[in-house]
Amino acid sequence: MQIPSRGQDRILVKEPSDQKLMLLYDGELSPSEELRIRDRLPENRRSRQVLSGLEAVGDAVRAWGEVRGRAGDVIADRVMSTIQASPKPRRKRTWATTAAGSLALAAGIALAVARLGSTELQSGWRTPLLSSSPQPLASQSANQRPSQRREETNAAIELVDFGSRTGTIFMVAAGPNVTTPVVWLVDEPSTQRASPESL
Amino acid sequence: MKEPILVLPMALILTCLTSQNAQGHDHGRPQKSPESAPKNERTGRNATRFSVEVMVLHATHNKKPNQTRQIDPRIGPLPELAKEPFSLYDHYVLLDRQLLPLVRDNPKSVNLPDGRVLRMKLLQVLPHDSLRFSASINRPGGKDFLPLLAVKARAGQAFIVAGQSYQGGILVLVMRVVK
């Protein structure tokens, strides 16, 4: 009986997914899982490439922010570009309030109703589905909006008026099955912001 | 013998008036016996049991390379700061912490370090210790930063408003409902 060597044995082990590698890069894996993946990195070229790519992107973003001296814009742009890259909502026609050049936003009429049933993004953020049609608060009870029931463990942003500013809503994990809604606004005229493509 | 005749009708009238108040017909005044009021009324009367804790954090980047990440211990446990985009900032300092009691028709305000004012107003008390309230951020006599934000939350739940520029960083407002 031939006993496989250490290297041969590990080649048969499934490679970690990109999502696992991103979690590893973000430091969100359990210590045991992180150790398991890091232990296999020397034998897993593809995983090393993915991780180095993540590090390079992070370094580039930081360097670009330092050069411009406006890291806040970088973060805002990353938020916006992540939201824009998110999958289309499934239930109804929606739009994220990220249209920096939108005349509607510039006119200060952007009213977005945060829907529950969030969509998970690649980065691990959760963004609520946004509706372009404002809904009056008085007519919204918990019974009339069954989609809200499953997110009652978290606070819910029901209505946002961004005014003339650019902003977005997303969810940040605060623990197991707990997420915190975040309203992020850009505190500068949108015309001075760098476009996400420039990253 | 005339006095007992007058006293009896007066007693009946007083009894009727007292029972009407006990059934919650007088919506404008606080109930003395909330147990006898309908459930919705009781939650409305108890609105003052809820407050919103507002933490004003200042998030900045390292000025020198290789500096370690520092989070003000006074902030307490806030796992959100370890997640993007908050994790992209290296320093978090607690600038202010206030407890705003939520009372219907009595908005509360917090002066922010950048000169703007955060204003919170209780809109509705819902069953199961749930609240609906509004928040807005503007500068007195200036342009609104956040004209309106309506939130539904229960005791212990939090939400965050971030992005105001302040002294080379941003302000992060963490608001949590407390009972």
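First the proteins, then the strands, lettered A, B, ... as listed; each starts at 1. All figures in this text were calculated on a predicted structure; none of them were measured in a lab.
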| request: Check whether more than 12 heavy atoms from other residues, nucleotides or ligands sit under 6.0 Å from atom CZ of B:Arg119, and answer yes or no. | output: no
Pairwise side-chain contact, [X] with [Y], heavy-atom cut-off 4.5 Å (strictly under):
X        : Y        : result
A:Val160 : B:Leu148 : no
B:Pro147 : A:Phe162 : no
B:Phe86  : A:Val172 : yes
A:Val183 : B:Leu149 : yes

Approximate separation, where rounding is to 0.5 Å, of [X] [atom1] and [Y] [atom2]:
X        : Y        : atom1 : atom2 : result
B:Phe133 : A:Glu158 : CZ    : CD    : 10.0 Å
A:Thr179 : B:Gln157 : OG1   : CD    : 9.5 Å
B:Leu146 : A:Asp161 : CG    : CG    : 7.5 Å
A:Phe170 : B:Glu84  : CZ    : CD    : 10.0 Å
B:Lys83  : A:Met171 : NZ    : CE    : 14.0 Å
A:Asn154 : B:Arg154 : CG    : CZ    : 9.5 Å

| message | If hydrophobic clusters are built by linking Ile, Leu, Val, Met, Phe, Trp and Tyr wherever their side-chain heavy atoms come under 4.5 Å apart, do A:Leu41 and A:Val50 end up in the same one? | response |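 Result: yes, single cluster for both.
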| message | Tell me whether A:Val178 shares a hydrophobic cluster with B:Leu131, the cluster being built from Ile, Leu, Val, Met, Phe, Trp, Tyr side chains joined at under 4.5 Å. | response |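 Result: no, two separate clusters.
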| said: Tell me every residue that passes ring pair (Phe, Tyr, Trp, His ring centres under 6.0 Å) with B:Phe145, counting only those two or more places apart in sequence or in another chain. | reply: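 Here no residue qualifies.
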Extract all donor-acceptor atom pairs below 3.5 Å that involve side chains of residues 166-179 of chain B and protein atoms in other chains or at least two apart in sequence.
{"unit_1": "B:Arg176", "atom_1": "NH1", "unit_2": "B:Gly156", "atom_2": "O", "d": "3.1"}
{"unit_1": "B:Lys179", "atom_1": "NZ", "unit_2": "B:Asp129", "atom_2": "OD1", "d": "3.4"}
{"unit_1": "B:Lys179", "atom_1": "NZ", "unit_2": "B:Asp129", "atom_2": "OD2", "d": "2.6"}

| Do you know which of A:Leu185, A:Ile157, A:Val182 makes side-chain contact (heavy atoms from CB on, under 4.5 Å) with B:Val161? | A:Leu185
| query | Between A:Ala155 and B:Ala158, what is the shortest heavy-atom contact and its length? | reply | CB-O, 3.5 Å
